[in-house]
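Here is the structure we will look at, set down as structure tokens.
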Amino acid sequence: MYEYLSNNCTCTYVLGAFVLLWVLVWFYRDNLEITKVSEKHVFVTGCDSGFGHLLCKCLDKRGFRVLAGCLTEKGADDLKRATGPFLKTCILDVTSTISIQKALEWTKKEVGDKGLWGLVNNAGRSLPMGPSEWMKIEDFQSTLKVNMTGMIEMTMNFLPLVKKARGRVVNVASVLGRVAANGGGYCVSKFAVESFSDCLRRDIQNFGVNVCIIEPGFFKTQVTSLEPIERELHRLWNQLTPEVKESYGDKYLDKYIKIQRLIMNTICDSDLSKVTNCMEHALLAVHPRTRYSAGWDAKLLWIPLSYMPACVVDIALKLVLPKPAKSV
């Protein structure tokens with residue numbers, strides 16, 4: 001009996017020592033950073049505001065040669081005024097093949113033979129969001145063109161430059177790419193970002209290129225601004241047929257908007273650096289992670305929920321969302 005207990009204690013100590021060693025090695029590897037940052041170029045899309053704007057300023061301070069794709073001249077001017085002389089901007093619409101090709105030719109001239117160290121696909125849109133039945137096909141397409149097709153086209157065009165530098169592709173997904181919590185093109189597109197990134201990572205891992213996925217929770221950006229969300233919900237409601245409106249009931253829209261306000265005001269985080277810190281790590285780390293979850297709601301709510309059985313998620317959302325007038 002004593003020998004049995006002694007052997008069990010020995011196994012426990014060995015296992016504990018192994019786990020501790022593994023944790024220490026992981027932290028050591030995770031904190032290793034690349035060198036010669038000032039010689040590396042990073043292209044970021046969607047830099048007019050939000051995550052992209054802040055990331056460019058952070059990378060510029062780090063010494064990277066930042067190439068920022070902005071949708072508007074005003075966004076480009078605002079960014080240039082807030083950064084140093086080594087950050088350069090171009091006008092980029094990721095839904096336009098011509099615009100992407102112009103940005104690619106400009107980037108080739110900027111990076112020369114060094115290639116492109118990082119491509120950050122950050123550009124995105126969220127609206128319209130709402131019940132799936134309220135959408136027309138154009139409502140899905142407007143979001144998918146930016147978040148999915150635009151991201152894929154940017155990646156496929158810029159990939160040869162990234163391969164030349166043995167660099168990184170950083171794709172911004174969302175916790176709503178893990179849990180489909182509402183209708184519209186946003187969740188669909190972010191699930192697509194997840195799957196495309198996984199496929200790409202496995203296809204090009206032998207070329208020394210890393211593909212990282214950023215999964216932000218809810219943050220206070222233009223994407224989560226209540227005014228456009230409510231405006232789009234009213235537009236969707238007004239385009240419904242009388243029969244569909246009747247099935248939901250006259251009070252459904254107001255109840256749905258109140259829930260959106262509650263969610264956005266309760267869980268939206270104003271600290272955007274929680275997301276840009278993940279992006280920076282993906283670009284700076286010698287051994288970048290495959291996935292980064294940013295925000296307390298991502299880590300404590302959405303990611304754990306994504307591992308639950310579908311029925312659990314269904315019940316949780318059913319309890320949160322308003323009940324239609326003619327529901328079963």
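Remember, it's a predicted structure, so these values are computed and weren't measured experimentally.
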In sequence, state the C-alpha distance, the side-chain angles, and the governing distance for Asn210 and Val169, and then conclude on side chain to side chain contact (heavy atoms under 4.5 Å, CB included).
CA-CA 6 Å; Asn210 290 286; Val169 176; over 6 Å; no
To the nearest 0.5 Å, what is the distance between [atom1] ([X]) and [atom2] ([Y])?
X	Y	atom1	atom2	answer
Lys251	Asp254	NZ	CG	9.5 Å
Ile229	Tyr256	CD1	OH	9.5 Å
His281	His287	NE2	NE2	10.0 Å
Leu301	Lys299	CG	NZ	13.0 Å
Thr266	Ile259	OG1	CD1	11.5 Å
Leu200	Leu159	CG	CG	6.0 Å

Begin from the C-alpha positions of Leu283 and Val120 and carry the test side chain to side chain contact (heavy atoms under 4.5 Å, CB included) through to its verdict.
CA-CA 9 Å; Leu283 294 166; Val120 182; 4.0 Å; yes
Is it true that a side-chain atom of [X] and a backbone atom of [Y] form a donor plus acceptor pair closer than 3.5 Å?
X	Y	result
Ser306	Arg178	no
Thr224	Thr221	yes
Asn182	Cys187	no
His53	Gly46	no
Ser195	Ala192	yes
Thr143	Gly185	no
Ser273	Thr276	no
Gln141	Lys136	no
Ser225	Gln222	no
Arg291	Ile214	no

Test side-chain hydrogen bond (donor to acceptor under 3.5 Å, both in side chains) applied to Lys57 - qualifying residues, sequence neighbours left out
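Lys57: no side-chain hydrogen bond (donor to acceptor under 3.5 Å, both in side chains) contacts found.
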Name all residues meeting the side-chain hydrogen bond (donor to acceptor under 3.5 Å, both in side chains) criterion together with Ser189; count only those two or more places apart in sequence or in a different chain, and write none if there are none.
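Testing Ser189 for side-chain hydrogen bond (donor to acceptor under 3.5 Å, both in side chains), a comparison that skips the adjacent residues, returns Asn147.
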Going by the rule salt bridge (Lys or Arg N to Asp or Glu O under 4.0 Å), which residues pair with Asp60 if we only count those two or more places apart in sequence or in a different chain?
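For Asp60 there are no salt bridge (Lys or Arg N to Asp or Glu O under 4.0 Å) partners, ignoring immediate neighbours.
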Residue that, paired with Val172, satisfies side-chain contact (heavy atoms from CB on, under 4.5 Å) out of Cys212, Cys278, Pro216:
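It is Pro216; the other options fail the test.
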Locate the shortest heavy-atom distance separating [X] from [Y]; write the atom from each residue and the value.
X	Y	value
Asp30	Ala285	O-CB, 4.4 Å
Glu280	Cys58	OE2-CB, 3.4 Å
Val211	Ser197	CG1-O, 3.6 Å
Val44	Leu59	CG2-CD1, 4.3 Å
Gly112	Lys164	O-NZ, 4.5 Å
Arg168	Val162	N-CG1, 3.7 Å

Look at atom NZ of Lys245 and say whether more than 12 heavy atoms of other residues, nucleotides or ligands are closer to it than 6.0 Å.
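Correct, the count exceeds 12.
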Within 6.0 angstrom of Ile98 CD1, more than 12 heavy atoms from elsewhere:
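No.
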Would [X] end up clustered with [Y] when hydrophobic side chains under 4.5 Å apart are linked, directly or stepwise?
X	Y	value
Val37	Val111	no
Ile303	Phe219	no
Tyr28	Leu21	no
Val286	Val209	no
Ile263	Val223	no

Run the salt-bridge test on [X] and [Y] with the 4.0 Å N-O cut-off and return the result as yes or no.
X	Y	answer
Glu39	Lys114	no
Lys74	Asp78	yes
Arg65	Glu110	no
Asp198	Arg201	yes
Asp139	Arg235	yes

Please work out whether the ring planes of Tyr248 and Trp237 are parallel, tilted or perpendicular, with thresholds of 30° and 60°.
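Ring orientation of Tyr248 relative to Trp237: perpendicular.
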Checking side-chain polar atoms at under 3.5 Å, does [X] have a donor or acceptor matched by the opposite partner on [Y]?
X	Y	answer
Asn122	Thr45	no
Asp297	Trp302	yes
Thr97	Glu153	yes

Looking at side-chain heavy atoms only, is the closest gap between Leu161 and Trp117 below 4.5 Å?
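No, their side chains stay 4.5 Å or more apart.
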Side-chain contact, heavy-atom cut-off 4.5 Å: Thr89 with Cys47?
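No; the side chains remain at least 4.5 Å from each other.
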Does Leu262 sit in a hydrophobic cluster with other residues, and if so which ones, taking ILVMFWY side chains as linked at heavy-atom separations under 4.5 Å, directly or through other members?
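For Leu262, no cluster forms, as it stays isolated from other hydrophobic side chains.
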Between Phe64 and His41, does the ring centroid distance fall short of 6.0 Å?
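Between His41 and Phe64, which both carry aromatic rings, the centre distance is not below 6.0 Å.
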Passes salt bridge (Lys or Arg N to Asp or Glu O under 4.0 Å), Lys274 versus Asp269? Steps please.
CA-CA 9 Å; Lys274 291 177 181 175; Asp269 194 332; 2.5 Å; yes
Dump the intermediate steps for side chain to side chain contact (heavy atoms under 4.5 Å, CB included) on Gln260 and Met129, then the final yes or no.
CA-CA 10 Å; Gln260 295 303 312; Met129 281 187 183; 5.8 Å; no
Do any pairs count as a ring-ring contact (aromatic ring centres under 6.0 Å, His included) and have a residue in residues 152-174, sequence neighbours left out, and if so which ones?
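Non-adjacent pairs meeting ring-ring contact (aromatic ring centres under 6.0 Å, His included): Phe43-Phe158.
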ring-ring contact (aromatic ring centres under 6.0 Å, His included): pairs with one or both residues in residues 171-201, sequence neighbours excluded
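Found none.
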After noting the C-alpha distance and the side-chain angles of Ile91 and Thr72, does the key distance pass the side chain to side chain contact (heavy atoms under 4.5 Å, CB included) rule?
CA-CA 6 Å; Ile91 301 303; Thr72 65; 5.9 Å; no
Hey, mind stepping through Glu215 and Lys190 against salt bridge (Lys or Arg N to Asp or Glu O under 4.0 Å) and telling me if it holds?
CA-CA 9 Å; Glu215 298 171 334; Lys190 293 305 182 179; over 6 Å; no
